[in-house]
Amino acid sequence: MNTLSELRDRFEKVLSELTPTPDPFVAMIKPTQDAAFGDFQANCAMPLAKQRGTNPRSLAAEIVGKLDVTDLCHPLEVAGPGFINIRLKDEWLIERINNIVSDARLGIELATKPKRVVIDYSAPNVAKPMHVGHLRSTVLGNALYRVFKFCDHQVVGDNHIGDWGTQFGMILFGYKNLLDVSAFESNAVGELARLYRLVSQLSTYHDAKAELPETIKQHEQYREQREGLEKESDQHQGDKDFAKDLKTTRANEAQWNQQIVALKRIIADIESSSLLKNLADTHPQIAELARLETAKLHAGDEENTRLWNQFVPQCLAAIQGIYDRLDIRFDTTHGESYYNPMLANVVEEMQTKGLAVESDKAICVFIPGNAAPFLIRKSDGAFTYATTDLATIRYRVKDLNADTMIYVVDTRQSEHFRLLFETARLWGYVDRQFVHVNFGTILGKDNKPYKTRSGDTVGLESLLDAAVAKARQIVNENDDRKKDDAGNPTPELDDVTRAAVAETVGIGAIKYADLRHNRESDYVYDEDKMLATTGDTATYMQYAYARVCGIFRRGAINRETLRNEAGHIRFTHPSERALSLQLLRFSEALDGVLSECRPNILTDYLFTTANSFSTFYQECKVLKEQDAAIRTSRLLLCDLTARVIATGLELLGIKTCEQM
RNA sequence: GCGCCCAUAGCUCAGCUGGAUAGAGCAACGGAUUUCUAAUCCGUAGGCCGGGGGUUCGAAUCCCUCUGGGCGUACCA
């Protein structure tokens, strides 16, 4: 049991005498924000005193009087309006830290009630190469997957790939009409991706052409309205409603203007190339024809099915390359196509249960309190991703026996998931837990969604390459800088090792930069910052780890043997105590990650841990320590630190290297 | 129109169910080096937590309102 749980247990015994609902008060025992107040603090006396109508300070004193904690902490102090400050005894900390020295799990207990969890993450589209938009779901989902698994929950990582939608029709149409045969022979997936982009571009071109006149009309309308309002504005000085009106009109005008610019750009992109213009002219119905290909595929058309069976494995193999590089694995990869045979039945069931009704020829679930319906069959008879998601839920409950289903998906789909979960509950899945682990957008330095300079989405592969290349430079510089006592250069890493370190550092930097942010926030993608050699980066922790490995290498010390020897950790310097306390808090960090699905709690913990270690390492000699017992104690602390950091990083999907 | 989210140091961001003097990192400035890997450590400075009101012992956090931004709004997934 971790320190915090132990304390809470002790408090609960006392608090339950004072209130029938001790839980929220027990939860108010937490690590101190400021070390000056001790190691932990209990803030429960104030609200409890309010509930009971007594004096908070005297209640705090009463709680302190009843608590039996003399074995683990110094006498408790009541401070301020009724805070209870808790300072752990060194003996107790020492006992705890020595307990985990030889514990393979570093004091992390297995879940007492393992859940059956399905984590749905990454979910790329087979039709197009993975891009920066897939990064967060992939990295975040995988980190959660690892933490759940480490804590012994039964987890299924499922990659719900998009292999069945409209985009696939575009590939089929492209393949049949626009194929570059030699390109396809040399790089099938690349050519398919090109075809997808091309068909998609041509069809948005026609859409844009069709939309433009109406868009211009709308813009005109708002422009006129705005001008009219501006003329009258003198007569409406101080009229709030009028001002608001004018503002909205201006905003609308600007918005439509933006739309015009966007459409014109799409059109210009095609028309500036005679080749593209020609293609566009020869395929005016391209969008419709692509949709037809999708429909044929869904209807079981022989040729399209054959092509689908040919393309999907190829595309998956290409995506797998990125997953291998990112060290990401799934237990199942059930794409949308997997659920296709179940969709008709889902709609039927929803209808017979009276949950779904026809509206405008479409089949919808209307959920009380929600304006937007949940559309499960389109007016043309095709199913939607809502239908697939419902079929997926049924599958995950019935076949996988999942009690918790986690979706790691962009926050923009919040409404979809709200409706989906609501529908699932109406459908009868009331005893299952559905969680939308939503996340924000990755922005460029212009604070707009991250794009290349020309406005294209950034491919994931090139993102990784760029980071690794940059890391390689840093690795080179750093290794070249190493010198011996006489000042002669002594680089330690050969070329192969440098390349491996660069890969670890570069990929780690990207993952860490993503995970350290609160997932719900947007964040600015900044390669320089994530690969900075100073500060809160993966590199900082990887470096701390490598330093420890260096100690054992130079000292020729076998870590296994060390752990099994008679020595133990003792405190001779405050930094040793601080580091130990920090190492003992690993499980608190993991609890936090699990309860909120927030890996940034773990990154924060690891940064603090690496920092505590660096401070300790600055203050305390290890190999050079003369006193054998102290030396062993410090070596044990180093070993433990390295294991905590490596384990923590591994749970985030970030690798370490012995030397860098 | 309706709905959801955001605004915290010069910059990038934390801040868990309301808790003590609002924290990191970067950048700035000042220190530490016969380096057990300085990709390090220690310190200084930097804030009306967007504005206003409310709830209470106590608010960055909860409620209302205004301002400024983002996103979503039935047949794309």
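First the proteins, then the strands, lettered A, B, ... as listed; each starts at 1.
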Practice item. Answer with base, sugar-phosphate or nothing: what part of the nucleic acid does A/Lys128 contact at a heavy-atom distance below 4.0 Å? Key: nothing
Review point. So, A/Phe37 and B/A20: ring centres less than 5.5 Å apart, planes less than 30° off, yes or no?
Key: yes
Review point. Which part of the nucleic acid does A/Ser379 contact within heavy-atom distance under 4.0 Å: base, sugar-phosphate only, or nothing?
Key: base
Practice item. Answer yes or no for this row: A/Phe83 ring on B/A20 base, centroids under 5.5 Å, planes under 30°. Key: yes
Exercise for review: Classify the side chain of A/Thr384 versus the base of B/A74 as yes if they form a donor-acceptor pair under 3.5 Å and no if they do not.
Suggested key: no
Point to revise | Separation between the P atoms of B/A60 and B/U8, rounded to whole Å | key: 15 Å
Exercise for review: With heavy atoms under 4.0 Å as the rule, sort A/Asn125 into base, sugar-phosphate or nothing.
Suggested key: nothing
Practice item. Just compare B/A39, B/U37, B/A20 and give me whichever is closest to any side-chain atom of A/Lys482. Key: B/U37
Review point. Which part of the nucleic acid, if any, lies within reach of A/Met46 when heavy atoms closer than 4.0 Å are counted: base, sugar-phosphate only, or nothing?
Key: base
Check your understanding: Touch check for A/Thr539, heavy atoms < 4.0 angstrom, all strands: base, sugar-phosphate only, or nothing?
Key -> base
Practice item. Determine the contact category for A/Asn85: base if any of its heavy atoms lies under 4.0 Å from a base atom, sugar-phosphate if only primed atoms, P, OP1 or OP2 are that close, otherwise nothing. Key: base
Check your understanding: A/Arg598 near the nucleic acid: base, sugar-phosphate alone, or nothing, with a heavy-atom cut-off under 4.0 Å?
Key -> nothing
Exercise for review: Describe the nucleic acid contact of A/Glu477 in one word from base, sugar-phosphate, nothing, applying a heavy-atom distance below 4.0 Å.
Suggested key: nothing
**Study point:** C1' atoms of B/C64 and B/A28, separation to the nearest Å
**Key:** 41 Å
Practice item. Side chain of A/Gln618 only, please: which of B/U40, B/U37, B/A14 is the nearest? Key: B/U40
Exercise for review: Go ahead and name the base partner of B/U44; Watson-Crick or wobble counts if both distances stay under 3.5 Å, otherwise write none.
Suggested key: B/A28
